[in-house]
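One structure below.
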Amino acid sequence: SYIVSGKVLSAEGRQGNDARIYTDVVFEVHDVAKGAINRGSTITFSVIGGRVGPLVLAATGIPTFVEGEHAVLHLLELPEYGLIPIGGYRSKVVIFVDPETEEEEVVVGDETPDNEGELEEAPGDEEGEPQDDDEGESIEKFLQRSMPPAARHEAKAGRMPVRDYMRYLRAIANSQR
């Protein structure tokens with residue numbers, strides 16, 4: 001499996017031979033947390049769903065992709081399909097780019113307005129989720145151990161710099177080897 005951050009260079013809808021609509025995505029890799037993909041390379045994959053002219057297909061649990069957006073992707077390579085996003089909506093974490101500073105951040109924890117400003121601990125029951133046991137550490141523990149106070153404060157407010165988030169993901173991937 002692969003975990004990469006980068007930018008969507010193109011996201012083009014097409015109608016397949018099965019009459020379903022797919023989106024072909026070209027993604028430029030900026031950083032790699034897991035897998036043998038080079039920084040600066042481009043990867044391509046397709047997801048079900050998208051738009052072709054007036055026709056739209058939305059697939060439940062499948063992330064959508066828009067040209068120019070930045071994201072962290074969790075991908076799996078299957079021999080019969082190539083690269084595919086793995087983990088439903090969680091396979092894509094949108095990166096927010098500050099237009100003034102160009103600082104890249106991700107939202108961590110629960111994104112609902114009721115919990116705005118709080119970092120919610122993940123339950124750790126699902127595969128690939130950070131766990132608070134021997135296999136990995138929670139985001140909160142990682143923040144306490146490795147980030148300066150100002151960055152810890154922003155992460156607790158629900159934002160985390162992408163470079164720190166990727167370092168966190170790398171630590172989890174390396175602990176599972």
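The model shown is predicted, which means the values in this text are computed figures rather than measured ones. FYI, side chains are in, hydrogens and waters are out, and symmetry mates aren't considered; it's all heavy atoms of this structure.
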Quiz item: Applying the 4.5 Å side-chain criterion to the ILVMFWY set and letting contacts propagate, would V97 and V106 be lumped into a single cluster?
Solution: yes
If two hydrophobic side chains count as joined below 4.5 Å and joins carry through other members, does F65 share a cluster with I84?
no
d(L55 CG, I21 CD1) to nearest 0.5 Å is 5.0 Å
Taken to the nearest 0.5 Å, the spacing of I172 CD1 from K34 NZ works out to 10.0 Å
Excluding V26, membership of its hydrophobic cluster (Ile, Leu, Val, Met, Phe, Trp, Tyr; side-chain heavy atoms within less than 4.5 Å) reads L9
> With distance as the sole test, does D98 use its side chain to make a donor-acceptor pair with the main-chain N or O of T101 at under 3.5 Å?
Replying inline: yes
ask   = Do the side chains of F27 and L75 get nearer than 4.5 Å, heavy atoms only?
value = no
Worksheet item: Given the side-chain rings of F45 and Y2, with only the six-membered ring counted for Trp, is the space between their centroids under 6.0 Å?
Response: no
R14 atom CZ, over 12 foreign heavy atoms within 6.0 Å: yes
Flag the pair I3 / V72 as yes when at least one side-chain heavy-atom distance between them is below 4.5 Å, and no otherwise. yes
(message) Taking K92 first and then E69, would you say they form a salt bridge - that is, a charged N and a carboxylate O separated by under 4.0 Å?
(response) yes
Donor-acceptor check, side chain of S46 to backbone of D24, threshold 3.5 angstrom: yes or no? no
All heavy atoms of S91 vs all of P85, minimum pair found to be OG-CB, 3.3 Å
- Message: Can you confirm whether E80 is buried at CD, in the sense that more than 12 heavy atoms of other residues, nucleotides or ligands lie under 6.0 Å from that atom?
- Response: yes
Next item on the list: Flag the pair H70 / S5 as yes when at least one side-chain heavy-atom distance between them is below 4.5 Å, and no otherwise.
Entry: no
Review point. Under 4.5 Å between side-chain heavy atoms, hopping through other hydrophobics if needed: is there a path connecting L73 to L169?
Key: no
The salt bridge (Lys or Arg N to Asp or Glu O under 4.0 Å) partner of D31 among R170, R167, R163 is R170
To the nearest 0.5 Å, atom CG of N17 lies from atom OH of Y22 at 9.0 Å
Requested in this report: For I95 and Y165, run side chain to side chain contact (heavy atoms under 4.5 Å, CB included): C-alpha distance rounded to whole Å, both residues' side-chain angles, the deciding distance at 0.1 Å, then the answer.
Outcome: CA-CA 11 Å; I95 296 173; Y165 183 62; over 6 Å; no
The reported gap from CD1 in I62 to OG1 in T23 (rounded to nearest 0.5 angstrom) is 11.0 Å
Sorted by chain and number, sequence neighbours left out, side-chain hydrogen bond (donor to acceptor under 3.5 Å, both in side chains) with R51 holds for none
Does V47 belong to the same Ile/Leu/Val/Met/Phe/Trp/Tyr cluster as V29, with side-chain heavy atoms less than 4.5 Å apart forming each link?
yes
Value for CD1 (I86) from CG (L76), rounded to nearest 0.5 Å, stands at 5.0 Å
One should read off an interatomic distance between I48 CD1 and R20 CZ, to the nearest 0.5 angstrom, of 4.5 Å
Side chain to side chain contact (heavy atoms under 4.5 Å, CB included), that's the test. Do V66 and V8 meet it? Break it down for me. CA-CA 7 Å; V66 177; V8 176; over 6 Å; no
Would M166 end up clustered with V4 when hydrophobic side chains under 4.5 Å apart are linked, directly or stepwise? no
